[in-house]
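As the structure lists them, so they are numbered: ligands from 1, and atoms in each ligand from 1. Please read all numbers here as calculations on a predicted model, not as lab measurements.
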Amino acid sequence: MSSSWRSSGLFCLLSLVGSNAQKQINPLIGTTNGGHVFPGATLPFGMAKAGADTNGGDNQGGFASDGSPIMGFSHMHDSGTGGSPSLGNFPIFPHAGCPGDDINNCAYTKDDRATGLINGTVEAYPGYFALTLNSSIHAEMTVSNHTALYRFTFPTEPLDSDTPLSPLILVDLADLPNSRINGQVEVDSATGRLSGNGTYSPSFGIGNYTVHFCADFLGAAVRDSGVFSNNRAGVGRSLFVQEDGVNISPQILPAGAWTRFHAPDSNGQVLVRVGVSFISAAQACGSAEKEIPNFDFNQTLSAAEDAWNTKLNVIEIDAAGVSEELQTTFWSGVYRSMISPQDYTGENPLWYSDEPYYDSYYCIWDSFRSIHPLITLLDPHSQTLMARSLIDIYRHEGKLPDCRMSLCKGFTQGGSNANIVLADAYLKNITEGVDWATAYQAVVSDAEDEPLNWAVEGRGGLESWKHLGYIPTDDFDLNSGARTRSISRTVEYAYNDFCIAEMAKGGLGSVEAYQKYSQRSRNWKNMYKEDETSSINGTDTGFVGFLQSKFMNGTWGYQDPIFCSPLLNFTSCYLNPNGHETYEGSSWMYTFFAPGDMAELIATLGGPDTFAKRLDFIHESGLLYIGDEQAFLLVYLYHYAGRPGLSAARTRFYIPSQFNDTIAGIPGNDDSGAMGSFSTLTMLGIFPNPGQNVYFITPPFFKSVSLTNPQTGKTATISSTNFNPNGENIYIQSAKLNGQPYTRNYLTHSFFLDGGMLELELGSTESDWGTAKSDLPPSLTFSGESAE
Ligand SMILES: *[C@@H]1O[C@H](CO)[C@@H](O)[C@H](O)[C@H]1NC(C)=O
Ligand SMILES: *[C@@H]1O[C@H](CO)[C@@H](O)[C@H](O)[C@H]1NC(C)=O
Ligand SMILES: *[C@@H]1O[C@H](CO)[C@@H](O)[C@H](O)[C@H]1NC(C)=O
Ligand SMILES: *[C@@H]1O[C@H](CO)[C@@H](O)[C@H](O)[C@H]1NC(C)=O
Ligand SMILES: *[C@@H]1O[C@H](CO)[C@@H](O)[C@H](O)[C@H]1NC(C)=O
Ligand SMILES: *[C@@H]1O[C@H](CO)[C@@H](O)[C@H](O)[C@H]1NC(C)=O
Ligand SMILES: *[C@@H]1O[C@H](CO)[C@@H](O)[C@H](O)[C@H]1NC(C)=O
Ligand SMILES: *[C@@H]1O[C@H](CO)[C@@H](O)[C@H](O)[C@H]1NC(C)=O
Ligand SMILES: *[C@@H]1O[C@H](CO)[C@@H](O)[C@H](O)[C@H]1NC(C)=O
Ligand SMILES: *[C@@H]1O[C@H](CO)[C@@H](O)[C@H](O)[C@H]1NC(C)=O
Ligand SMILES: *[C@@H]1O[C@H](CO)[C@@H](O)[C@H](O)[C@H]1NC(C)=O
């Protein structure tokens, strides 16, 4: 991407930028190695997500690049999630013909119909996904907002003397995790239309959800239609299935409907248009008819490509000399950051509201760290709609979510981290129509009022939090939630309170509220045991002072500081009832989590030099796993120790070795784009401290990067002299902001709102740029020179 494109006439420029950027997006990155990425066709934040679903294996996102056979093509997915697979309701599946021309000889169940794909035929780019089944059927798909459009190209000859070409397309009432509780399908024998609904369980939450579909066909004359159950097909006009306790997950009764066609018109193609809705089948049909009236595949695809271009065009990079690997890693990360959450506005059956409704915040524990800050930079309008939808969820559900999918409450992993998302938005001009008074009420409710089931919203242990200032390891809370994770919940609650204090200070609360929540944000220290030591395999690490488990009576408990470190000793450190005191990470790691109070943390841990050595140790010992999101901030904490050059070196330590352009190129679950947004912000050189008006400056991976704010129209550019595309010269020697010397090692959001030019002079050794106390980002006990 060369910056000279901007000068070459607007019209061809836009398509050029778009198509080149799209060539550098590989949606298949993260479809193996546990990335769980959805690689199919979607609009930015679109509800319809059309993709192939593999049978078995790691199919959380539908398709995995592991050679598993394809059991169908479904219309809604979540991307990058852990836990059980999500959505994937009403998969369709094509047969070119039934052996002996008998409908009962076609395969209907997932296992029986699953068909291999021909290697090398998978093709994916934004808005498009295709592959060829080894039955010689070529399947292509694209989408509009609520509708998936499939184009199946069938062989033109009979399959064998016994099997005339007479395509049968079935719709299965299943979902990916086989969670169906009930389902119903109807067949319109005149048009071949299949429609229906089903009730299912969410993949990482409580309750159930009902969803509807409407499938129409074009390209071949309808021959007949009917329903199926197991592998028996018949001519029924409707079918109702309800799990009866015998056929329970994962053995739900296979059931659905089918339409059979005469041989297709000359090009061998049958188009299938599937509308989806959480309101009704009529709404699913209505959206499909409105969004894709003529089944025009090319036009639908081209609208999807335009939608992606519009989102991507706010970024411009000068990639001269930079490897294809890094460019593809970069653009693919941008792309994956805009798959979720999904815009379900107008599709929420739970309450009536004029506010936007987004779903699949999956989960905010993952997404507050880099996804929402990146969306705020690239697409502030969408971030505004998301903030408003979070506030509306509070209005109608009584609490902000920490995780939410498929219209259901999802499980909370630590703190009430929507507090961080809202504080971040509040500090960054996410203003349009946001009811900030209600937002503030919502965050205070998290801090003050414990819900009955804090497993799915709010915080638990609030009595202890208010009176003891930490979550004791033997906390006995009357309400529901796993009474584990006392250390990680304590540090997350502390930072949540820091964010509430900022909102209070910013004008939403009283001075007293500011003081109260700032005070509570220091609570991380109540679990700090200053004489705790740590050994690995009997060798002392040499560092002293770690967060440690503590009982209600003030006596210390014990959890080995390296325990729950994914690469060294990870045993049941999830949301299980027999879980431990830290969640998906060690006390070693959580000891670094005081993002609002870094000056105090560094002093507590023995000063900047020891602190930098301790950071080096966690990065290099195997104690830290960059595939889990809590690790992200640790790449940049050197900035607070006056060593921004070490953060810069750390960025190159992880990219491309852990984030790259291979299909295995994500170190853990992508978690709705968390990993993608980490690599994007890191390569742009502006990683945020989420929840604060702070972006750590490190040298971008490109000679220059520009972001144009779509609301203000202003462009912020960072350009480097002595830039080396191979990652030498990564130390900033000096900087100028809009022509003036600039020594602070961080930027604030006004740079992106007002536009401007940051010029970095790079060199091959650490310098004293950004190292003075007055250059460091603000902290609770140290407010920086003139932090805004
Ligand atoms: C197709 O690819 C899979 C891995 O995705 C591999 O296991 C299999 O051997 C390949 N088959 C052929 C025929 O190359
Ligand atoms: C097609 O895929 C099925 C299911 O994976 C497999 O059993 C079959 O051998 C494959 N056929 C060919 C010709 O590759
Ligand atoms: C999808 O919906 C969004 C939000 O309503 C709208 O702005 C956009 O134009 C729609 N995209 C397409 C391709 O229809
Ligand atoms: C599901 O579809 C059936 C048949 O159209 C309909 O009678 C039923 O009301 C629908 N269920 C829901 C929850 O909409
Ligand atoms: C779905 O959840 C609702 C609300 O909790 C409950 O009333 C209903 O019985 C559930 N539906 C099914 C089919 O289990
Ligand atoms: C759709 O686009 C493809 C590729 O650009 C082209 O080959 C084909 O002719 C187009 N089809 C129609 C119906 O316009
Ligand atoms: C600890 O010792 C075990 C057994 O000898 C070894 O497998 C492991 O790699 C060691 N771990 C570290 C971090 O040294
Ligand atoms: C404090 O409580 C813990 C956990 O119940 C217990 O093991 C410990 O003995 C108690 N300490 C004192 C001093 O009572
Ligand atoms: C892992 O932690 C468990 C529980 O604390 C402990 O029993 C075990 O020895 C540890 N293993 C290693 C290799 O440190
Ligand atoms: C790409 O990233 C993956 C996941 O982190 C890693 O396992 C792999 O070694 C990396 N590959 C290269 C070529 O760097
Ligand atoms: C804040 O955003 C609004 C659009 O919502 C925009 O009009 C305004 O210029 C922005 N303010 C600043 C200071 O950039």
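The shortest side-chain heavy-atom distance between Leu407 and Asp359 falls under the 4.5 Å cut-off.
Note that Arg180 lies outside the cation-pi zone of Tyr200, set by a 6.0 Å cut-off to the ring centre and a 45° limit from the axis. Judged by the 6.0 Å and 45° rule, Lys550 forms a cation-pi pair with Tyr470.
Using a 4.0 Å cut-off between charged nitrogen and carboxylate oxygen, Glu397 and Arg404 count as a salt-bridge pair. We find that Arg395 and Asp435 are joined by a salt bridge, their nearest charged nitrogen and carboxylate oxygen being less than 4.0 Å apart.
Distances between N or O atoms of Asn429 and those of ligand 11 include at least one value under 3.5 Å. Note: an N/O pair closer than 3.5 Å links Asn208 and ligand 5 by distance alone.
Between Tyr358 and Phe45, the two ring planes are perpendicular [angle over 60°; tilted spans 30° to 60°]. In this structure, Phe204 and Tyr362 have parallel ring planes: the angle between them is below the 30° cut-off, well short of the 60° mark.
Legend: residues meeting ring pair (Phe, Tyr, Trp, His ring centres under 6.0 Å) with Trp556, ordered by chain and number and at least two apart, are absent.
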What are the distances between nitrogen or oxygen atoms of ligand 8 and protein nitrogen or oxygen atoms, counting only those under 3.5 Å?
| unit_1 | atom_1 | unit_2 | atom_2 | d |
| --- | --- | --- | --- | --- |
| ligand 8 | 2 (O) | Asn553 | OD1 | 3.4 |
| ligand 8 | 2 (O) | Asn553 | ND2 | 2.4 |
| ligand 8 | 11 (N) | Asn553 | ND2 | 2.9 |
| ligand 8 | 11 (N) | Thr555 | OG1 | 3.0 |
| ligand 8 | 14 (O) | Asn553 | ND2 | 3.3 |

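Distances below 4.0 Å separate heavy atoms of Ile181 from the following atoms of ligand 5: 13 (C). Residue contact check: Glu432 has heavy atoms under 4.0 Å from atoms 5 (O) of ligand 11. Each of the atoms 5 (O) of ligand 11 lies under 4.0 Å from some heavy atom of Thr431. Ligand 11 places these atoms under 4.0 Å from at least one heavy atom of Gln711: 2 (O), 4 (C), 5 (O).
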### Message
Run Asp424 and Lys428 through salt bridge (Lys or Arg N to Asp or Glu O under 4.0 Å) and show every step you take.
### Response
CA-CA 6 Å; Asp424 198 75; Lys428 295 177 178 172; 3.0 Å; yes
